[in-house]
Student: 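Just dropping this structure here.
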Amino acid sequence: MAKKKKDKKTSLPVKILKGILALVLVFVIGFFALAGYLTATEFKPSEYEGVAVEKAENAEKTVAAGDTLTVLSYNIGYCANDKDHDFFMDGGKTVNTESRENIEKNLSGIINTIKEADADVNFIQEVDKSSKRSYHVNEYSSISDSLENYSAAYATNYRVKYVPYPLPTIGEVESGVAIFNKFTANESALRVGFPTAFSWPVSLCQLKRCLLVEYVPIENSDKMLVLVNLHLDAYDDGEGKKLQTQILSDFLKNEYEKGNYVIAGGDFNQTFPDVQGEQYEVVNDEYFVPGVVDTSLFPEGWQIVSDDDVPSARLLNEPYNPESENTQYYVLDGFILSPNVKSVSVETLDCGFENSDHNPVVLTAQLEEE
């Protein structure tokens with residue numbers, strides 16, 4: 001009778017190796033499946049796209065050469081980056097704020113700040129429409145509904161079905177920039193797209209930055225007041241911001257050459273040449289260090305204005321504590337004015353970073369008479 005052969009036992013090292021290979025295979029399959037999904041659903045706007053101006057019938061104010069107007073710029077940090085929070089990309093720990101109630105509290109405070117400033121035009125950045133990070137609160141609609149005598153326009157610059165990092169993940173994002181305007185503007189605004197500074201696959205989960213442009217007719221003239229809301233790259237290697245600033249410069253100069261009045265403003269994620277003060281010295285260069293706006297891109301007569309009496313932004317490396325030696329301040333928010341627009345004043349409103357990691361900045365400007 002033949003002897004029954006004994007099964008050979010798989011050694012422990014072989015089992016471990018097989019387990020590791022299986023995990024690697026699952027990871028690779030998962031990565032390419034997710035990358036394929038994000039590639040198929042990637043937000044790919046055209047370089048130039050029309051944007052509807054909503055509630056246009058509410059904006060009845062007119063503007064003429066010689067008039068003075070006010071413009072507010074405010075990065076609202078999607079109503080999550082308030083004084084009590086940090087952010088993982090800035091050296092902090094927080095990915096998403098802890099509750100919908102916190103988003104709504106900050107949104108209410110931001111709306112009150114905008115209403116109290118009562119600017120003619122509001123340039124607002126980091127406005128979420130439907131994002132996991134802001135509990136899918138439609139911040140754009142809430143702000144628009146609260147501003148009765150303003151039209152509203154919105155340009156998406158961040159739309160990703162699922163951002164898979166860090167843990168917990170950021171998840172779905174839909175966010176953008178908005179203009180709320182008391183002046184009667186053309187029925188269609190313009191979205192001017194920037195090229196992305198990131199390569200595949202990182203580009204799949206990055207913002208697709210843009211300008212949001214509105215055109216306001218000047219009374220008794222064929223000229224326009226061109227209003228440009230901007231938010232340039234933050235966490236690139238610096239080259240992206242340089243290219244975006246060049247594109248911005250070319251666009252603004254082209255509008256001015258048509259005879260138009262131009263006011264551009266927003267979050268440059270760069271500081272300005274005239275900013276001074278010990279409070280703006282870099283605390284730790286391992287964190288975000290802004291470049292400086294290249295003023296050589298703007299010919300003589302153009303003005304780049306900001307206010308360094310009060311910081312317009314802070315680093316989110318820790319919850320806000322003005323007494324902490326780790327608190328980093330910046331001036332990142334300001335305006336660019338064409339030679340036919342006079343800067344009367346520019347003031348950063350000291351909100352103590354209560355509801356956002358940025359303070360709003362208000363420009364008072366005069367359109368020079370022809």
Side-chain angles (χ1 to χ4, degrees), residues 69-83 85 87 103-129 134 137-147 149-155 157-158 175-183 207 209-214 227-232 234 263-272 305-316 320 329-336 345-365:
L69 66 149
T70 54
V71 183
L72 177 144
S73 177
Y74 197 2
N75 182 331
I76 66 173
Y78 52 93
C79 301
N81 297 324
D82 58 38
K83 66 180 178 61
H85 289 84
F87 185 57
I103 297 292
E104 292 173 339
K105 172 184 72 67
N106 289 325
L107 178 57
S108 177
I110 286 163
I111 288 173
N112 287 337
T113 296
I114 294 171
K115 292 175 76 172
E116 287 173 8
D118 194 29
D120 295 309
V121 181
N122 295 286
F123 293 159
I124 312 297
Q125 303 92 39
E126 291 198 28
V127 187
D128 278 8
K129 271 191 171 181
S134 52
V137 173
N138 191 328
E139 298 165 357
Y140 170 69
S141 291
S142 294
I143 297 172
S144 178
D145 292 345
S146 300
L147 301 178
N149 299 319
Y150 293 80
S151 63
Y154 184 90
N157 65 10
Y158 199 12
S175 188
V177 294
I179 295 178
F180 302 99
N181 187 3
K182 283 185 180 179
F183 294 117
L207 289 89
R209 304 276 186 178
C210 66
L211 305 174
L212 175 57
V213 185
E214 281 195 3
L227 301 169
V228 182
N229 185 3
L230 61 95
H231 188 192
L232 306 187
I263 299 177
D267 179 358
F268 287 77
N269 273 311
Q270 300 171 84
T271 191
F272 304 91
V305 297
S306 61
D307 172 25
D308 60 10
D309 289 341
V310 174
S312 76
R314 74 174 182 94
L315 184 70
L316 286 161
Y320 181 52
Y329 294 116
Y330 307 102
V331 176
L332 305 177
D333 307 84
F335 298 90
I336 299 175
S345 67
V346 59
E347 178 186 7
T348 302
L349 306 182
D350 191 352
C351 296
F353 304 109
E354 180 72 26
N355 303 119
S356 173
D357 57 319
H358 286 248
N359 283 320
V361 184
V362 178
L363 167 76
T364 301

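Owing to the predicted nature of the structure, the values given are computational and were not obtained by experimental measurement.
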Student: Calculate, to the nearest 0.5 Å, the distance between atoms OG1 and CG belonging to Thr348 and Asp308 respectively.
Tutor: 8.5 Å
Student: Considering only heavy atoms from C-beta outward, does the side chain of Tyr74 approach that of Leu349 to under 4.5 Å?
Tutor: no
Student: Ignoring hydrogens, what is the shortest heavy-atom contact between Ser134 and Glu139? Give both atom names and the distance.
Tutor: CB-OE2, 3.5 Å
Student: What distance separates Asn355 CG from Ile111 CD1, expressed to the nearest 0.5 Å?
Tutor: 10.5 Å
Student: Check whether any side-chain heavy atom of Cys351 sits under 4.5 Å from a side-chain heavy atom of Thr113, and report yes or no.
Tutor: yes
Student: Tell me the closest heavy-atom pair linking Gly77 and Asp357, and the distance in Å.
Tutor: CA-OD1, 4.1 Å
Student: Should Asn269 and His231 be marked as a side chain to side chain contact (heavy atoms under 4.5 Å, CB included) after you check the CA-CA gap, both sets of side-chain angles, and the distance that decides it?
Tutor: CA-CA 7 Å; Asn269 273 311; His231 188 192; 3.5 Å; yes
Student: State, with a plain yes or no, whether a side-chain heavy atom of Ile143 is found less than 4.5 Å away from one of Leu107.
Tutor: yes
Student: Given Asn75 and Leu332, is the side chain to side chain contact (heavy atoms under 4.5 Å, CB included) satisfied, shown in steps?
Tutor: CA-CA 10 Å; Asn75 182 331; Leu332 305 177; over 6 Å; no
Student: So which of Ile76, Asp82, Val127 actually passes side chain to side chain contact (heavy atoms under 4.5 Å, CB included) with Ile110?
Tutor: Ile76
Student: Please confirm whether the backbone N or O of Asn138 pairs with a side-chain atom of Ser142, one donor and one acceptor, at under 3.5 Å?
Tutor: yes
Student: Indicate the ring-plane relationship of Phe123 and Phe335, choosing parallel, tilted or perpendicular according to the 30° and 60° boundaries.
Tutor: tilted
Student: Go through the steps to decide whether Asn229 and Asn122 satisfy the test side chain to side chain contact (heavy atoms under 4.5 Å, CB included), and finish with yes or no.
Tutor: CA-CA 9 Å; Asn229 185 3; Asn122 295 286; over 6 Å; no
Student: Among Leu212, Ile179, Val177, Ile114, whose side chain to side chain contact (heavy atoms under 4.5 Å, CB included) with Ile124 holds?
Tutor: Ile114
Student: Can you label the angle between the Tyr154 ring and the Tyr140 ring as parallel, tilted or perpendicular, going by 30° and 60°?
Tutor: tilted
Student: Between CG of Asn106 and CG of Asn81, what distance do you get to the nearest 0.5 Å?
Tutor: 9.0 Å
Student: Could you give the distance from OG (Ser175) to CG (Leu207), rounded to the nearest 0.5 Å?
Tutor: 7.0 Å
Student: Do Thr271 and Tyr330 touch side chain to side chain, with heavy atoms closer than 4.5 Å?
Tutor: no
Student: Calculate, to the nearest 0.5 Å, the distance between atoms CG and SG belonging to Leu232 and Cys210 respectively.
Tutor: 10.5 Å
Student: Which heavy atom of Tyr150 sits nearest to which heavy atom of Asp120, and what is that distance?
Tutor: CE2-O, 3.7 Å
Student: Walk me through it: do Ile103 and Asp128 pass the test side chain to side chain contact (heavy atoms under 4.5 Å, CB included)?
Tutor: CA-CA 11 Å; Ile103 297 292; Asp128 278 8; over 6 Å; no
Student: Mind checking the CD-CD1 spacing from Glu214 to Ile263? Nearest 0.5 Å is all I need.
Tutor: 12.5 Å
Student: Which heavy atom in Asp309 sits nearest to a heavy atom in Asp307, and how many Å separate them?
Tutor: N-OD1, 2.9 Å
Student: To check you understand the geometry: which heavy-atom pair defines the closest contact between Ala234 and Arg209, and what is its length?
Tutor: N-NH2, 3.5 Å
Student: Is the backbone N or O of Asp333 less than 3.5 Å from a side-chain atom of Ser312, with the two atoms forming a donor-acceptor pair by type?
Tutor: yes
Student: Measure across Gln125 and Gly266 and return the closest heavy-atom pair with its distance rounded to 0.1 Å.
Tutor: NE2-CA, 3.5 Å
